[in-house]
Amino acid sequence: MKMNEQSTNKEAVDLSKVEKVLEKYKDVRGAVIPILQKTQAEYGFLPEPVIDYIAQSLNMSAEEIIGVTSFYAQFHLKPRGHHIIKVCCGTACHVKNAKALSSKVREKLKININETTEDKLFTFEEVSCVGACGIAPVVMIDEDVHGEISPDKLNDVLDDYKKLGV
Amino acid sequence: MKTIHLVIDDKPIIAPEGTNIFQASLDNGIYIPGLCYHPKLSQFGGCRLCMVEVTERRTGHRFACAHPVSEGMIVKVNTPKVIQYRKSVMEFLLAHHPLDCPTCDKAGECGLQDVTHELNLFPGRYKTVRMDAPMIRDNPLLELNRNRCILCGRCVKACKEIEGVGAIDFQNRGIKTVIGTAFDRPLECSFCGGCTAVCPTGAWQDRTLGFKGRPWEFNKTPTICPYCAVGCTVVLNTKMESVRRITSDDYLGINEGNLCVKGRFGHEFIHSPERIKTPLIRKNGELCPTSWDEALEYVAKRFQQIINEHGGTAIGGIGSEKCTNEDNYLFQKFCRAVLGTNNIDNMANMKSPALNGLIYESVINGMMLASMKEIEHANTLFFIGADMTEAHPVAGGMARKAIRLNNANLIIANERGVQFNSITKNDIRLKYALGSQIILINALIKVIIGEKLVDLKKVERSTNNFDKLRSLFNAFNVEEASKITGVTREAIRNAALLLTKPGNCCIVCGKDIEESPLGADTIRALMNLCALLPAYNGDAGSGKVSLFFSRSHNNSQGVNDMGVVPGFFPGYVNINETSNKEKVEKSWGVKFPDAIFKKDHENVIDLALNSKLKALYIMGENLIVNYPNGKKIKEACQKIDFIVVQDTFLTETAQLAEVVLPAATFAEKEGTFTNMGMTVQSLNKAIKPVGDAKPDWQIICSLAQKMGSHYSYVSPKDILTEIENISPMYAGINYDRLKRKEFHWASSVYNKNKSTKYTFNIVKPKSSEIKENKDFPFVLLTGASLNHQGTFSRHSKSLVSVASECFVEINKKDAQVLQINNGDKVTIESAQNKLTLKAKVTGKLSERTVFVSEDYEWVPVNILRDRVHTPVKIYKETV
Amino acid sequence: MIVPLIKGLTLTIKRFLNPNTCVTIQYPDERPKLASRFRGLPELQIGKDGREKCVACGLCARVCPSQCINVEGAEDETNRRYPKIYELDAFRCIFCGFCEEACPVRAIILRDTFELATYDNKDVFDKEKLLDLTRKRDLPR
């Protein structure tokens, strides 16, 4: 209602990108999810001012938009790292001690689940099954699958990514 | 509508098609436990408790709230299997629920408690994990305790569907789901408290109660809200002669249990320490407490003295828009019969003098035959000059219901942008240039006639003067009108198309129009438009037109009905006709002096300014603040020797008085209020008057006694009986019937006096001229406020805490030019006065206009004004 | 008929011959020994933080058959619910102990205060008085 006019922009966000997305979906009803997907593709995540802007343009409240974004795992409200580490915690990987991999990541990068390192390089997630149980335990970094990996090996892999940088 | 026959628990039931099993049982007194279904909200099917067994037609176990009734259905509500299922569901719901009923204010009226008790639940089998979520208390009125929440979604729906705000929603999913605001920001909503009313647990709570009582300790008295003119039924919860909180009842009154922030939280003024508790009399320039006897004796003596020296016409009287019909009836009777003066008036009539006649005209022409409830049944809604969200929030909720259930179309025309959230597809906003409302309405008429959107022959047959109207519009050019009003041609055409669609059409004419200098003509043009619509001329069954005139206060309509106006006796009986006069004289047993009734009655304020008044008797009004051009009123008041004010608080006006008489508030008296839909509803006394205060009618009775007239009224009931006899409009009103059902006078008046044919008024299209003023380049607009209205809200702590500051709203572009940001101090200066307020930059206003709400009583914006569109200049205050 | 009579008489004679019970207690010089479940005046209990345990839920007032309890809840700075007013009309109290039974936090307990005679008939015990009874006892909290 009133929040759109008053919301304090913590950091200036370039709204021109979301404007373009909204322009495209101007006359389409029920297009919240595609708009959010396209917007996330532009920004990498969904910043607060952008959500407010979308809400205002669609004549919805920001709460409704947040209701959608927080429901789906595909939307992110916090900035994400350059590389996404997905440690598989499915049954097969769990049996092969995936927990040790998770704690290795935690210990090495000093981040918890769904957190991002301070240098914005890594985001750490645990996922249920990546469908590669034959080579368990599995860690996915971005789109690369690292199978039959041990904590030590993971350490090396992460070092490689670190060297690679952004 | 098709009806369905079914059997629920061996009881044969007839229900309309499309009803769900839950609603059908509810309507027939069969109890099905359910926590997420609410009759006024859309169904959700979240709590899973209302499982029933259907044994015939679509057999199986069904959720009553999500399953429509069908012919021949047999439903069993309590089979062993169903009960077992419900118990298991409850076990899940209670697994996380904290057992803090002793300290939860909901205990005693809690849906979850009721169901637990009803199912006689054993200790649950699940390991309970307490959530220990912190209490969310980021505002002074509502608090959210997520531990108690069962995620039924009622609050989310009430916020969105009724209030149109959507300030809360579900967040996250699975076990992490919670109710909350985006990014956990502080709650920013209209604070209607609808969430507390629908919440089946203690998750949403009214913070103002503050543990001051338990639900079972309260005496609940339904009565009528003392704020706006919608006339919602509020339930006063009292304990030990004090009002502790206000709740709502879904089945009482016209509001379906919906209230706004004023109605639900604005009750603290009743026990405000600032209330006048004893009569006050001016001694040595100061108001000192005194006894009733002394005060009344003194008033009577002074009045008598003035009557003897200058005649009764030297006394003026101002009736109240906030007092009951009985109070006002007695006030005018006292003034006319005892004081012998016809110089009486009320604020509503002084602000828009032509309105009473026009309302009566619309009634007898059959344009206002419905009560406010009709808005819910509308197919087309047309709000012109009306700010529904701020001025009549609950009526706005009714409109949203029409939009949700009937797919109603919405047209909002206003000279400033007004907020109205809705989900309708056909939502047309016409923002017209200042003062050009007649041209806009005429453009709509032109489009309807020109494009033959209605059956013109039929209109011609059923009305008079249509030829003249048509010839007037020969020369009218929509293109030109579009230029003047600033509304595009397409928008005008679309609006005309929506208006002429078949179905019910509700038109609300707002204060922005009524109080404008061209108000009377605009309303006449609006009546012409109504008369053209197919719903007005159509065959039976094609819907009807309902016109509503926005009124500002709870009894603004009633005070005029009761004849606290110079032109009419009670019931709009013309005062200048001898037969009417004789009838009233006979009934009251008095003889009016001939000199008191004049053809052209002067405004009471003007009389005072011309030093023609020696005394003024004011009942429950704060003229200085609430009347445009407060400076003039203050001058007028200072010229009067003797002012008596009868009010609940020591207002600015009361401070000028010689004698102040403490009056009781709405909670402390009985009587009736008439809302803007002409519905008369009765008040119920909840508590004894605070201090020495008395209901207004009693004060007038004792004053009359002191002046030698004996009034033998025992209760407002007797006064209402007299009103019934004397006022043709209120004929048939019955106090005992009013306790059960409201009385709607418009329909009975229509049936008695209906005019055979509507006669079109010929209204020349013109717009009020807004002159370019170099010194004062801006135009000041005023309007209603959601959070405040008059003296009562000013003394309600909660309302002040939620809206403590009155802002001046400035257009974005103007703000950029003047380098004004949100929160900057800005001075508004008119030829009369100046005022410094904080700025709020909005996109709602047109350029060169500023908006200040006139309902913040401590911000006397009226001292700046001399007419509706006051030229002002604004500048930023430098620190 | 004769058997119950003999039974009753046996008890009477036993008491009569018992040196501990056969003598009239010299009250008030001598204090009677009260049973541990004696129900005297209800007393408000004090919690670990030194404040009243009562949470002003009003159940005692609700359950009281003689309606002698009046509770007015309020909210303090820490948002704790506490009784702003707790009044017990000792003249109306029938010492049934329902309040003790209903209390969810064991904040009210009927102990052994039974000397309630006063010279004036306005003896309504307010919160402080009821708490003082407990304070004097110096019970382990």
Side-chain angles (χ1 to χ4, degrees), chain A residues 1-13 15 18-19 26-33 35-36 39 43 45-79 112-114 125-128, chain B residues 138 151 153 155-157 159-161 163-174 176-192 195 389-390 393 417 419-425 427 429 786-787 802-803 807 809-810 812 815 821-823 839-844:
Chain A
M1 204 185 169
K2 290 171 259 173
M3 76 285 283
N4 300 329
E5 288 167 19
Q6 289 175 355
S7 72
T8 45
N9 297 7
K10 276 172 208 151
E11 44 201 88
V13 177
L15 289 174
V18 65
E19 268 167 27
K26 201 172 57 181
D27 300 320
V28 191
R29 282 183 79 88
V32 173
I33 290 178
I35 289 174
L36 289 172
T39 313
Y43 291 93
F45 70 109
L46 294 165
E48 192 172 331
V50 169
I51 296 232
D52 282 340
Y53 187 82
I54 294 174
Q56 203 178 0
S57 320
L58 298 180
N59 199 13
M60 294 167 81
S61 68
E63 280 69 20
E64 287 170 281
I65 307 274
I66 289 293
V68 174
T69 53
S70 62
F71 185 85
Y72 292 105
Q74 57 171 312
F75 295 118
H76 307 281
L77 298 168
K78 283 186 196 148
N112 276 321
I113 299 167
N114 294 335
E125 285 173 4
E126 277 185 357
V127 292
S128 288
Chain B
D138 46 25
L151 299 172
C155 54
V156 175
K157 281 180 288 168
C159 197
K160 180 75 193 154
E161 290 170 6
E163 203 59 15
V165 175
I168 41 170
D169 207 336
F170 291 107
Q171 285 173 19
N172 308 327
R173 67 168 159 179
K176 286 180 191 156
T177 313
V178 288
I179 299 282
T181 55
F183 304 101
D184 284 333
R185 290 188 290 217
L187 188 65
E188 279 183 52
C189 64
S190 59
F191 295 108
C192 68
C195 42
T389 310
E390 300 279 341
Q419 175 110 29
F420 187 85
N421 299 342
S422 78
I423 50 163
T424 176
K425 278 176 220 163
D427 183 346
R429 310 278 166 129
L786 174 64
N787 296 305
V802 81
F807 289 96
E809 291 179 24
I810 301 168
K812 267 182 198 161
N821 294 319
N822 267 335
K840 189 172 180 180
V841 180
T842 73
K844 284 197 284 180

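In what follows, every chain begins at residue 1, and chains take the letters A, B, ... in the order their sequences are listed.
Minimum heavy-atom separation, C195(B) to C155(B): CB-CB, 3.6 Å.
Using a 4.5 Å heavy-atom cut-off against chain B, the contacting residues of residues 69-76 of chain A are S70(A), F71(A), A73(A).
Put simply, the side chain of I66(A) reaches to within 4.5 Å of the side chain of L77(A), judged on heavy atoms. At a threshold of 4.5 Å between non-hydrogen side-chain atoms, the residues E64(A) and V32(A) do not count as touching. Side-chain contact between F807(B) and N822(B): absent, with no pair of heavy atoms (C-beta onward) separated by less than 4.5 Å.
In terms of non-hydrogen atom pairs under 4.5 Å with chain A, the most contact-rich of T181(B), I168(B), I423(B), D169(B) is D169(B).
Atom SG of C159(B) and atom CG of L187(B) lie 7.5 Å apart (nearest 0.5 Å). Of the inter-residue distances, the one linking T177(B) atom OG1 with Q171(B) atom CD reads 10.0 Å to the nearest 0.5 angstrom.
Looking at I65(A), there are no atoms closer than 4.5 Å to chain B (heavy atoms on both sides), in backbone or side chain. Interface remark: K160(B) contributes side-chain atoms only to the contact with chain A (heavy atom separation under 4.5 Å).
Looking at T389(B) and Q419(B), their side chains never bring a donor and an acceptor atom within 3.5 Å of each other.
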